[in-house]
Amino acid sequence: MGGSSTNTVTLDDRDPRIVYSAGWGLNASSTALDGTLHKAQAQGLSASLTFEGISVTVVGCVGETALYGTATATYAVDGAGYDATNNNDLASSFSVLSCNVTLFASPTLPFGQHTLEVTMDSAALNTLWIDYFQYDSANVSVPIQSSQYVVSAYLLDIVSCRNFTNEVCAAQWLRLGVHHPPRRPLLMGALLPVHQHPFLLRL
């Protein structure tokens, strides 16, 4: 039988992989991850993240909802919009600025590269506070009938190492004990002999 593992990657709001439109602010906060929050206070401000994985979550803070209402945003993955209004965290009322609130959690997506776009669309006086993004990557190994080969998805950090010509990639292979990887380009799901496979899950 095959196996799979999930690796959760956390990106602080200041991570350069997150692209903000002009107009976002940056605030210090002792309760936020790494001490900062990005804030949107105008409709149309957006933030995007491109990632490789199977799901993505946006975590932030919510201010005093009784006075200011709840700031809302639209969330789209690869252009497809998702409803965040049924989020249990956002259904709560907050009397003070509260952090570690899940603003959006995507459904499970096909493994691969995806782009999440967050757009402020609320006319409420409340601020959209973003603390961090998380996405789940997956490494899956599935054996086929021959005991000499497996089908695998590569770990993300060397997914682009498709041959032995790149020195950095070569060093990655060597650290994994693979001295003679196949010379032909490797695609996601390529066949590798068991003794050469760097991420074979022992079954």
Side-chain angles (χ1 to χ4, degrees), residues 6-139 155-157 159-160 188:
T6 300
N7 177 46
T8 299
V9 179
T10 300
L11 303 179
D12 179 60
D13 63 294
R14 291 179 295 171
D15 192 287
R17 286 168 284 187
I18 304 167
V19 179
Y20 296 95
S21 64
W24 285 78
L26 183 66
N27 274 44
S29 172
S30 60
T31 58
L33 178 69
D34 290 342
T36 61
L37 295 167
H38 266 75
K39 65 177 181 179
Q41 294 177 299
Q43 288 179 283
L45 296 185
S46 64
S48 64
L49 170 67
T50 297
F51 64 97
E52 290 198 51
I54 58 172
S55 64
V56 63
T57 300
V58 182
V59 179
C61 301
V62 176
E64 189 174 352
T65 52
L67 287 178
Y68 304 113
T70 300
T72 60
T74 59
Y75 299 86
V77 179
D78 303 329
Y82 290 92
D83 183 12
T85 59
N86 58 356
N87 186 326
N88 288 335
D89 277 8
L90 293 180
S92 303
S93 295
F94 299 90
S95 57
V96 295
L97 182 68
S98 302
C99 292
N100 205 33
V101 177
T102 298
L103 304 178
F104 170 74
S106 77
T108 301
L109 307 166
F111 177 81
Q113 181 172 289
H114 302 283
T115 298
L116 167 68
E117 184 158 3
V118 182
T119 304
M120 173 76 162
D121 67 353
S122 175
L125 298 175
N126 216 329
T127 300
L128 177 65
W129 301 94
I130 290 183
D131 190 4
Y132 59 91
F133 291 72
Q134 287 185 322
Y135 67 88
D136 290 332
S137 62
N139 178 46
L155 288 182
L156 294 180
D157 59 348
V159 68
S160 60
M188 194 71 74

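- Side-chain contact between Leu116 and Val58 is present, with heavy atoms from C-beta onward closer than 4.5 Å.
- Counting only heavy atoms from C-beta outward, the side chains of Phe133 and Ile18 approach each other to under 4.5 Å.
- Across all non-hydrogen atoms, the minimal contact from Leu37 to Ser29 is CD1-CB, 3.8 Å.
- The side-chain heavy atoms of Trp129 and Val101, taken from C-beta on, include no pair separated by under 4.5 Å.
- The line from NZ of Lys39 to CH2 of Trp24 is 11.5 Å long, rounded to the nearest 0.5 Å.
- In this structure, Phe104 and Tyr82 have tilted ring planes: the angle between them lies in the 30° to 60° band.
- In terms of the side-chain hydrogen bond (donor to acceptor under 3.5 Å, both in side chains) criterion, Thr74 has no residue partners (sequence neighbours excluded).
- Between atom CG of residue Asp15 and atom CG of residue Leu49 there is a gap of 8.0 Å, rounded to the nearest 0.5 Å.
- Residues Gln41 and Thr127 have side chains that bring a donor and an acceptor to within less than 3.5 angstrom of each other.
- Residues Val56 and His114 are not in side-chain contact: their nearest non-hydrogen atoms beyond the backbone lie 4.5 Å or more apart.
- Considering all non-hydrogen atoms of both residues, Tyr135 and Glu52 come closest at CE1-O, 3.5 Å.
- No side-chain donor-acceptor contact under 3.5 Å links Gln43 to the backbone of Met120.
- For Thr119, there are no side-chain hydrogen bond (donor to acceptor under 3.5 Å, both in side chains) partners at least two apart in sequence or on another chain.
- To the nearest 0.5 Å, atom CG of residue Leu26 and atom CD1 of residue Ile130 are 12.0 Å apart.
- Listed by first and then second residue, the disulfide (SG to SG under 2.5 Å) pairs involving residues 32-63 are Cys61-Cys99 (not counting sequence neighbours).
- Note that the CD atom of Glu117 and the CG atom of Asp78 stand 11.0 Å from one another [nearest 0.5 Å].
- Defined by atom type and a distance below 3.5 Å, a donor-acceptor pair is present between the side-chain atoms of Thr8 and Asp136.
- For the pair Ser21 (side chain) and Ser46 (backbone), a donor-acceptor distance under 3.5 Å is present.
- Across every non-hydrogen atom of Ala73 and Val118, the tightest pair is CB-CG1, 4.0 Å.
- Inter-residue side-chain proximity for Asp12 and Asp131 is flagged as met; some heavy-atom pair is nearer than 4.5 Å.
- Side-chain atoms of Ser106 and Ser55 form no donor-acceptor pair, as typed in the model, at a separation below 3.5 Å.
- In this structure a side-chain-to-backbone donor-acceptor pair under 3.5 Å is missing from Asp13 to Tyr132.
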**OP:** Report the C-alpha separation of Leu103 and Val62 in whole Å, then their side-chain angles, then the decisive distance to 0.1 Å, and conclude whether the side chain to side chain contact (heavy atoms under 4.5 Å, CB included) test is met.
**Re:** CA-CA 9 Å; Leu103 304 178; Val62 176; 4.3 Å; yes
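- Between the side chain of Ser137 and the backbone N or O of Asn7, at least one donor-acceptor pair lies under 3.5 Å.
- With no hydrogens or angles considered, a side-chain donor-acceptor pair links Thr10 and Gln134 at under 3.5 Å.
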